[in-house]
2 protein chains.
Amino acid sequence: MSRTSENKTPSLSRVRREREKAATRQRILEAARELFTTEGYAQTSMRRIADQIGYTATAIYHHFKDKDALLNELCLMDFRALFEALRQMDQIPDPITRLRLMGQNYVKFALAHPQQFRFMFLVERPIPGPDQITIDPAEDGYAFLLNNLSEAIELGLFRPEFKDPELLAQIVWSGVHGLAAIHLTAPGKSHPWMELRDPDETARQLSDVVLRGLLREPTT
Amino acid sequence: MSRTSENKTPSLSRVRREREKAATRQRILEAARELFTTEGYAQTSMRRIADQIGYTATAIYHHFKDKDALLNELCLMDFRALFEALRQMDQIPDPITRLRLMGQNYVKFALAHPQQFRFMFLVERPIPGPDQITIDPAEDGYAFLLNNLSEAIELGLFRPEFKDPELLAQIVWSGVHGLAAIHLTAPGKSHPWMELRDPDETARQLSDVVLRGLLREPTT
DNA sequence: AGGCGCACCTAACACCGTTAGATTACTTCA
DNA sequence: TGAAGTAATCTAACGGTGTTAGGTGCGCCT
């Protein structure tokens, strides 16, 4: 008996508890982000994260499965932020300038949030984890890129041999992604055997080059 | 007195000792490479490396400063191998096809040696370390790329606004580097929200696109 | 033959991620 | 009001990590 009465009441203090739980969860994430970005993932210990907010290391495990779960959650937020930044380009009418600006903003974002970008794309993560099967956050941004390319294809802006949006997406993404990666992990940044050019300027020129290579009509 | 006699003799067994020392050094490197590539850097312990070749973990410290030194030495070898592969393109007369093939082979190398490529470019390493100031191994390859681009510039093959070899190098490198990075760390490789196209084909098309964007005369 | 140094070892330190189980604080209900 | 229960946090510990200090034995050189 006593079917525990369905527990209908929000009970006014239960919700406060939940809000507080969410709050400390957030504080953990903030501390983790701070330390991950300043010290690096491997060099940051659970104990240091906990210390920073006045908890014990084990307390974190009531909010997150393990250390990787922390990293994954942060990555998720960063994916959303990145593609939110890109989506703002949606209002630009011309699909080509839209693509050009998306490329430049991709690089800008990567260099403005270097460690986040590293987490998102450059860290070797054990398994993507089938527990996070929900809506893949990256799908939105990649789909957005695909849509833009499809639109340009249908408008007949590209050379006739370029009809596969997926292939085109991977081509234009490669350029800006590689530029960001080079600036973030530049070998010889200390003993500069390579003079890194200004990233924004390079991104602009790179976008121009790639788009001119794709376009049917040669632009000036 | 007794100025320690200059020690002229190679002493015949001294050299054998040195050869043996170099041999076990090499065996350590091989074991480390094996484990790093199969298990990952962070997941590989000094004790496991030592076990694999019948030593104690501390023995490794007589040959290498620490774990990072192992990684750095392996990276160095891989840099040399990569740029040796690229240098073989030197015999191709036309600088443009030479550049095209360099790009394609860069991607081929990266995907044929995924973990090495990760070590070289994608791993966040603490400090490049001023102890390895010798001839930077990457300089050769990058300088090779620079030379090819300078040659093409002097031949007047590129559009007039492209006169900075350094900038051009970073543009063309970005493309192939990003393509390799995407294929190596592809997010959603498990739940494929993106259909990765064949890397060799993509590399070919990417090289075409970038070079067409750079060239003065539009090619067919 | 005797001394020396090199290559390797054992023991230990401080720290790590993570788990088990106790403890506290607070909500709920009789 | 007080008993019961539960959620959040703690202490203690385990097995493992990179690394250092100091010892051991063997081979080389005088």
Side-chain angles (χ1 to χ4, degrees), chain A residues 1-29 31-32 35-36 39-72 125-127, chain B residues 1-29 31-32 35-36 39-72 125-127:
Chain A
M1 328 345 150
S2 80
R3 307 175 47 232
T4 64
S5 75
E6 305 287 296
N7 192 6
K8 222 164 261 186
T9 59
S11 86
L12 271 178
S13 43
R14 166 101 98 200
V15 333
R16 201 197 51 161
R17 285 253 287 205
E18 274 171 14
R19 192 172 7 225
E20 278 175 10
K21 167 152 187 174
T24 79
R25 213 187 112 96
Q26 213 57 32
R27 292 214 301 150
I28 294 173
L29 281 175
L35 289 172
F36 284 171
E39 314 280 342
Y41 177 70
Q43 285 72 37
T44 300
S45 73
M46 297 297 252
R47 288 165 173 87
R48 293 241 305 123
I49 297 174
D51 277 4
Q52 181 119 331
I53 53 176
Y55 283 119
T56 309
T58 58
I60 300 179
Y61 289 85
H62 266 257
H63 300 268
F64 299 93
K65 180 173 160 290
D66 55 14
K67 198 182 173 188
D68 277 332
L70 278 176
L71 181 63
N72 276 330
R125 211 141 30 270
I127 320 149
Chain B
M1 334 304 159
S2 81
R3 310 177 43 231
T4 65
S5 78
E6 304 288 294
N7 192 7
K8 226 166 254 187
T9 58
S11 87
L12 273 180
S13 43
R14 168 102 98 197
V15 334
R16 200 196 52 160
R17 285 251 288 202
E18 274 170 14
R19 192 171 7 224
E20 276 175 10
K21 168 151 185 171
T24 79
R25 213 187 114 95
Q26 214 57 31
R27 292 213 303 147
I28 293 173
L29 281 174
L35 288 172
F36 284 171
E39 314 280 342
Y41 177 70
Q43 286 72 38
T44 300
S45 74
M46 296 297 249
R47 288 164 173 86
R48 292 241 307 124
I49 297 174
D51 276 5
Q52 182 119 332
I53 53 177
Y55 283 122
T56 309
T58 59
I60 299 179
Y61 289 84
H62 266 258
H63 300 267
F64 299 93
K65 180 174 160 289
D66 54 13
K67 196 183 174 188
D68 276 331
L70 278 175
L71 182 61
N72 276 331
R125 211 144 26 274
I127 319 149

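Note that these values count all heavy atoms, side chains included, but never hydrogens, waters or copies made by symmetry. Within every chain, numbering begins at 1; the chains are lettered A, B, ... in the order of the sequence lines, protein sequences first and strands thereafter.
Atom CG in A:Asp51 sits about 15 Å away from atom P in D:dT9, given to the nearest Å. Rounded to whole angstrom, the span from the CD atom of B:Gln43 across to the P atom of C:dC16 amounts to 17 Å. Distance CG (A:Leu71) to P (C:dG17): 13 Å, rounded to an integer number of Å. Rounded to an integer number of Å, the gap from CZ of B:Arg25 to P of C:dC8 is 13 Å. Distance B:Lys21 NZ to D:dC28 C1': 16 Å, rounded to the nearest Å. Put simply, NE2 on A:His63 is 16 Å from P on C:dT18, counting in whole angstrom units. Here C:dC16 presents its C1' atom at 15 Å from CG of A:Leu35, a figure rounded to the nearest Å. For the pair B:Arg48 CZ and D:dG16 P, the computed distance is 12 Å after rounding to whole Å.
Remark: the backbone N or O of A:Tyr41 is paired with a side-chain donor or acceptor of A:Lys67 at under 3.5 angstrom. Under the 3.5 Å distance criterion, the side-chain polar atoms of B:Thr24 are left unmatched by any main-chain donor or acceptor of B:Arg27. Remark: the backbone N or O of A:Leu35 is paired with a side-chain donor or acceptor of A:Thr44 at under 3.5 angstrom. With hydrogens and angles ignored, the 3.5 Å screen pairs no side-chain donor or acceptor of A:Thr56 with any backbone N or O of A:Ala59.
An end-to-end axis angle of 10° holds for the helix from C:dA1-D:dT30 to C:dA30-D:dT1, taken from five base pairs per end and rounded to 10°.
Between B:Ala69 and B:Lys65 the shortest heavy-atom distance is CB-N, 3.9 Å. Between A:Arg25 and A:His63, the shortest heavy-atom distance links the atoms NH1-O, 3.3 Å.
Within the 4.0 angstrom heavy-atom criterion, only backbone atoms of the sugar-phosphate kind lie near A:Ser45; the bases stay farther away.
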Given A:Ile28 and A:Phe64, is the side-chain contact (heavy atoms from CB on, under 4.5 Å) satisfied, shown in steps? CA-CA 9 Å; A:Ile28 294 173; A:Phe64 299 93; 3.7 Å; yes

For a side-chain contact (heavy atoms from CB on, under 4.5 Å) check, start with the C-alpha distance between A:Leu70 and A:Ile49, then their side-chain angles and the critical distance, and finish with the verdict. CA-CA 11 Å; A:Leu70 278 176; A:Ile49 297 174; 4.0 Å; yes

Got a list of protein N/O to nucleotides 19-23 of chain D N/O distances below 3.5 Å?
{"from": "D:dT19", "atom 1": "OP2", "to": "B:Tyr61", "atom 2": "OH", "distance (Å)": "2.8"}
{"from": "D:dT19", "atom 1": "OP2", "to": "B:Lys67", "atom 2": "N", "distance (Å)": "3.0"}
{"from": "D:dT19", "atom 1": "O5'", "to": "B:Tyr61", "atom 2": "OH", "distance (Å)": "3.3"}
{"from": "D:dT19", "atom 1": "O4", "to": "B:Arg47", "atom 2": "NH2", "distance (Å)": "3.4"}

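B:Arg47 pairs by the salt bridge (charged side-chain N to carboxylate O under 4.0 Å, His left out) definition with nothing, not counting sequence neighbours.
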